[in-house]
Amino acid sequence: MRPNAQTGSSAWARLASVTQALLLRISEQKSVLATTDDKLPPVILVVEDVHETRDGIETLLTADGYRVAPARDERDAIESARRKRPDLILVSLAGSANDVVVSARNIRQRGGVEECVPVVVFSIEGIDEGEEVETGENVYLTRPDNFNQLRRLIARLLNKVPIAA
């Protein structure tokens, strides 16, 4: 709307006043939200080399209320962990069980993630379907028979650690 003989500058002044008041209310609401939302959902670093599987896991975990940092390989996961500390690292990579566990530990160590952050290596051959094995150093191996089993393990482990902001 441009001022002309019919609208005059007073219409512009009213519009500017209303717009300014509206923007002030919106910014106040945002600041209230920012200060009251002290506890953000946990961040799960999902390291999966198959694009479709990684996207599916991200979709399911996001639907459960988690924040997800997807990574396609060990190098990508290390960079992601350096940018934003995850609350849990979930790893499913191709390779022998030993190689995948070594990659998972490398991600935590080279990514600068403390040992209090659990690492879950899943869909690993060599353990029975449905089994969970703690290997020490807060690393867990699992071969879930369904996604709900993996979700329960993640929830249980996240309840043990303080969540990063």
Side-chain angles (χ1 to χ4, degrees), residues 23 26-27 29-165:
L23 290 174
I26 290 170
S27 68
Q29 288 175 350
K30 283 184 179 178
S31 65
V32 168
L33 290 175
T35 57
T36 58
D37 191 16
D38 292 339
K39 191 168 184 177
L40 293 172
V43 174
I44 299 177
L45 175 57
V46 176
V47 189
E48 167 60 62
D49 47 8
V50 177
H51 175 73
E52 293 81 7
T53 305
R54 186 174 58 247
D55 286 351
I57 293 168
E58 180 177 6
T59 299
L60 293 168
L61 291 174
T62 301
D64 283 350
Y66 298 111
R67 293 179 293 159
V68 176
R72 65 186 169 280
D73 57 25
E74 182 179 325
R75 186 180 60 85
D76 193 25
I78 291 167
E79 290 172 10
S80 179
R82 286 179 179 163
R83 282 191 304 273
K84 175 69 177 153
R85 177 192 172 258
D87 298 296
L88 184 136
I89 302 171
L90 186 60
V91 181
S92 175
L93 296 170
S96 71
N98 192 44
D99 289 343
V100 177
V101 170
V102 168
S103 286
R105 287 185 172 141
N106 285 341
I107 292 165
R108 181 164 53 195
Q109 180 185 14
R110 294 178 51 211
V113 178
E114 304 87 7
E115 282 196 28
C116 66
V117 174
V119 175
V120 176
V121 179
F122 74 102
S123 297
I124 201 153
E125 298 295 324
I127 63 172
D128 293 332
E129 192 169 308
E131 191 174 358
E132 296 173 9
V133 178
E134 184 175 359
T135 67
E137 299 177 27
N138 211 6
V139 175
Y140 301 83
L141 308 179
T142 186
R143 189 168 176 205
D145 54 9
N146 60 52
F147 189 69
N148 286 334
Q149 181 185 355
L150 183 60
R151 292 164 74 196
R152 284 191 301 272
L153 174 62
I154 290 169
R156 190 172 71 240
L157 294 174
L158 286 173
N159 284 328
K160 293 181 183 179
V161 292
I163 304 303

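Just so you know, these numbers use all the heavy atoms, side chains as well, and skip hydrogens, waters and symmetry mates. Since this is a predicted model, take the numbers as computed values, not measurements.
In this structure, CG in Leu88 is found 9.0 Å from CG in Leu61, a value given to the nearest 0.5 Å. Once rounded to the nearest 0.5 Å, the distance linking OH of Tyr140 with CG of Leu157 reads 5.0 Å. Note: Arg105 CZ to Glu115 CD = 9.0 Å, rounded to the nearest 0.5 Å. Of the inter-residue distances, the one linking Arg143 atom CZ with Leu141 atom CG reads 12.5 Å to the nearest 0.5 angstrom. Between Arg152 atom CZ and Asn148 atom CG the span is 6.0 Å, to the nearest 0.5 Å.
Ser96 and Asp99 share a side-chain donor-acceptor pair at under 3.5 Å. With 3.5 Å as the limit, one finds no donor-acceptor pair spanning the side chains of Glu48 and Thr53.
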Start with the C-alpha gap between Asp73 and Asp49, add the side-chain angles, then the distance that decides, and say whether side-chain contact (heavy atoms from CB on, under 4.5 Å) holds.
-> CA-CA 6 Å; Asp73 57 25; Asp49 47 8; 5.8 Å; no
Verify side-chain contact (heavy atoms from CB on, under 4.5 Å) between Phe122 and Val100, making sure each step is shown before the conclusion.
-> CA-CA 10 Å; Phe122 74 102; Val100 177; over 6 Å; no
Checking side-chain hydrogen bond (donor to acceptor under 3.5 Å, both in side chains) for the pair Thr142/Glu132: CA distance, chi angles, key distance, verdict?
-> CA-CA 4 Å; Thr142 186; Glu132 296 173 9; 4.9 Å; no
Pair Leu60-Phe147, side-chain contact (heavy atoms from CB on, under 4.5 Å): steps then yes or no = CA-CA 9 Å; Leu60 293 168; Phe147 189 69; 3.4 Å; yes
Quick one: do Glu137 and Arg108 satisfy side-chain contact (heavy atoms from CB on, under 4.5 Å)? Show the steps, please.
-> CA-CA 11 Å; Glu137 299 177 27; Arg108 181 164 53 195; 4.0 Å; yes
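The closest side-chain heavy-atom distance from Leu158 to Tyr66 is below 4.5 Å. With a 4.5 Å cut-off on side-chain heavy atoms, Ile44 and Pro86 do not count as touching. With contacts defined as side-chain heavy-atom distances shorter than 4.5 Å, the pair Asn159/Arg156 does not qualify. When side chains are defined from C-beta on, Leu45 does not count as touching Val113, because their heavy atoms never get closer than 4.5 Å.
Among residues two or more places apart in sequence or in another chain, the side chain to side chain donor-acceptor pair (under 3.5 Å) test is passed with Arg82 by none.
Here the side chain of Glu58 pairs no donor or acceptor atom with the backbone of Arg54 at under 3.5 angstrom. When atom types are taken as modelled, the side chain of Arg67 and the backbone of Pro41 share a donor-acceptor pair closer than 3.5 angstrom. For the pair Asp87 (side chain) and Val43 (backbone), a donor-acceptor distance under 3.5 Å is present. A donor-acceptor distance shorter than 3.5 angstrom exists from the side chain of Asn138 to the backbone of Cys116, with no hydrogens or angles considered. Ser80 places no side-chain N or O within 3.5 Å of a backbone atom of Asp76 that could act as its donor or acceptor partner.
Using a 4.0 Å cut-off between charged side-chain N and carboxylate O, Asp64 and Arg151 make a salt bridge.
When each of Val119, Ile89, Val120, Val91 is tested with Val139 by the rule side-chain contact (heavy atoms from CB on, under 4.5 Å), just one qualifies, namely Val119.
In terms of heavy-atom proximity, Gly130 sits nearest to Gln149 at O-NE2, 2.6 Å.
In the displayed structure, Glu131 atom CD is contacted under 6.0 Å by more than 12 heavy atoms of other residues, nucleotides or ligands.
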